[in-house]
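Atoms within each ligand, like the ligands themselves, are counted from 1 in listed order. Hydrogens, waters and symmetry mates are skipped; everything else that's a heavy atom, side chains included, is used.
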Amino acid sequence: MHLIFLGPPGVGKGTQAKKVCEHYKIIHLSTGEILRKEISDKSEVGNQAKTYIDNGNLVPDNVILRIIENRLKANDAQHGYLLDGFPRTINQAEGLQKTMLQLKHKINSVISLTANEEELILRLINRGKDSGRSDESPEIIRHRQKVYWRQTAPLLEYYNEKKVLKKVDGLGNITDITKRILETID
Ligand code: ADP
């Protein structure tokens, strides 16, 4: 099983991704989590990424693509995975397609989680109070939303044309949303 989760910041991708991964026994790959770990380890990649993340901008495609390529080739990724927060640009999606083709992996579904923007900003501002993340001030949150609509939302049409896109309403309680996602995939 190879899944991709798309959706604006705050829609609950991370929470739902964990549940869906438990269900299918696949690994959860969150590029945001990977990058935050690199930053706390003060690795070279982490140092390169930090300013972009703190300002709510995307880390350059070549940095992310290198990370993902290595990650997808690892042994533990040969039994399926869910990509959360990647791809985020058309260029990343094209890089992903190449890597997956080499590895003979095929995308089963791209789940687009949807919700209204004002609700998302409120959720993120609340989460920002105790997340400890450096990119969760109200100003940076609004900027991340803009970046999503400008750079990532075009992927909805890209995957729709490939007939793998499935939209799921991301509002409601956590268990109901997980059920909706699993029904959509099966
Ligand atoms: P959210 O979905 O709430 O925006 P993430 O944890 O997915 O949070 O991402 C946090 C930040 O990490 C992004 O704002 C961006 O700077 C960086 N990032 C994560 N994934 C990518 C990616 N695929 N390409 C570029 N930057 C990324």
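Checked by atom type, the side-chain pair Lys129/Asn126 shows a donor-acceptor distance below 3.5 Å.
Using a 4.0 Å cut-off between a side-chain N of Lys or Arg and a carboxylate O of Asp or Glu, Arg123 and Glu119 qualify as a salt bridge. Between Glu136 and Arg36 no salt bridge is recorded (no basic side-chain N to carboxylate O distance below 4.0 Å).
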Table please: side-chain donor-acceptor pairs of residues 169-176 below 3.5 Å, with sequence neighbours left out.
{"unit_1": "Asp169", "atom_1": "OD1", "unit_2": "Leu171", "atom_2": "N", "d": "3.0"}
{"unit_1": "Asn173", "atom_1": "OD1", "unit_2": "Thr175", "atom_2": "N", "d": "3.1"}
{"unit_1": "Asn173", "atom_1": "OD1", "unit_2": "Asp176", "atom_2": "N", "d": "3.0"}
{"unit_1": "Asn173", "atom_1": "ND2", "unit_2": "Asp176", "atom_2": "OD2", "d": "3.1"}

Can you list, pair by pair, the side-chain donor-acceptor contacts under 3.5 Å of residues 46-64, counting residues two or more places apart and other chains?
{"unit_1": "Asn47", "atom_1": "ND2", "unit_2": "Ser43", "atom_2": "O", "d": "3.4"}
{"unit_1": "Lys50", "atom_1": "NZ", "unit_2": "Asp54", "atom_2": "OD2", "d": "2.5"}
{"unit_1": "Asp54", "atom_1": "OD1", "unit_2": "Ser134", "atom_2": "OG", "d": "2.6"}
{"unit_1": "Asn55", "atom_1": "ND2", "unit_2": "Thr51", "atom_2": "O", "d": "3.0"}
{"unit_1": "Asn57", "atom_1": "OD1", "unit_2": "His143", "atom_2": "NE2", "d": "2.6"}
{"unit_1": "Asp61", "atom_1": "OD1", "unit_2": "Thr89", "atom_2": "OG1", "d": "3.1"}
{"unit_1": "Asp61", "atom_1": "OD1", "unit_2": "Gln92", "atom_2": "NE2", "d": "2.9"}
{"unit_1": "Asp61", "atom_1": "OD2", "unit_2": "Thr89", "atom_2": "OG1", "d": "3.3"}
{"unit_1": "Asp61", "atom_1": "OD2", "unit_2": "Asn91", "atom_2": "ND2", "d": "2.9"}

What are the atom names and distances for all N or O pairs under 3.5 Å between ligand 1 and the protein?
{"unit_1": "ligand 1", "atom_1": "2 (O)", "unit_2": "Lys13", "atom_2": "NZ", "d": "3.3"}
{"unit_1": "ligand 1", "atom_1": "3 (O)", "unit_2": "Arg144", "atom_2": "NH2", "d": "2.8"}
{"unit_1": "ligand 1", "atom_1": "4 (O)", "unit_2": "Arg88", "atom_2": "NH2", "d": "3.0"}
{"unit_1": "ligand 1", "atom_1": "4 (O)", "unit_2": "Arg144", "atom_2": "NH2", "d": "3.2"}
{"unit_1": "ligand 1", "atom_1": "6 (O)", "unit_2": "Arg36", "atom_2": "NH1", "d": "2.9"}
{"unit_1": "ligand 1", "atom_1": "6 (O)", "unit_2": "Arg36", "atom_2": "NH2", "d": "3.2"}
{"unit_1": "ligand 1", "atom_1": "7 (O)", "unit_2": "Arg88", "atom_2": "NH1", "d": "3.2"}
{"unit_1": "ligand 1", "atom_1": "7 (O)", "unit_2": "Arg88", "atom_2": "NH2", "d": "3.3"}
{"unit_1": "ligand 1", "atom_1": "8 (O)", "unit_2": "Arg133", "atom_2": "NH2", "d": "3.3"}
{"unit_1": "ligand 1", "atom_1": "9 (O)", "unit_2": "Arg88", "atom_2": "NH2", "d": "3.3"}
{"unit_1": "ligand 1", "atom_1": "16 (O)", "unit_2": "Asn57", "atom_2": "O", "d": "2.6"}
{"unit_1": "ligand 1", "atom_1": "20 (N)", "unit_2": "Thr31", "atom_2": "OG1", "d": "2.7"}
{"unit_1": "ligand 1", "atom_1": "20 (N)", "unit_2": "Gly85", "atom_2": "O", "d": "3.4"}
{"unit_1": "ligand 1", "atom_1": "20 (N)", "unit_2": "Arg88", "atom_2": "NH1", "d": "3.1"}
{"unit_1": "ligand 1", "atom_1": "23 (N)", "unit_2": "Gly85", "atom_2": "O", "d": "3.0"}
{"unit_1": "ligand 1", "atom_1": "23 (N)", "unit_2": "Gln92", "atom_2": "OE1", "d": "3.0"}
{"unit_1": "ligand 1", "atom_1": "24 (N)", "unit_2": "Gln92", "atom_2": "NE2", "d": "2.9"}
{"unit_1": "ligand 1", "atom_1": "26 (N)", "unit_2": "Val59", "atom_2": "N", "d": "3.0"}

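Annotation: salt bridge (charged side-chain N to carboxylate O under 4.0 Å, His left out) contacts of Lys98 (sequence neighbours excluded): none.
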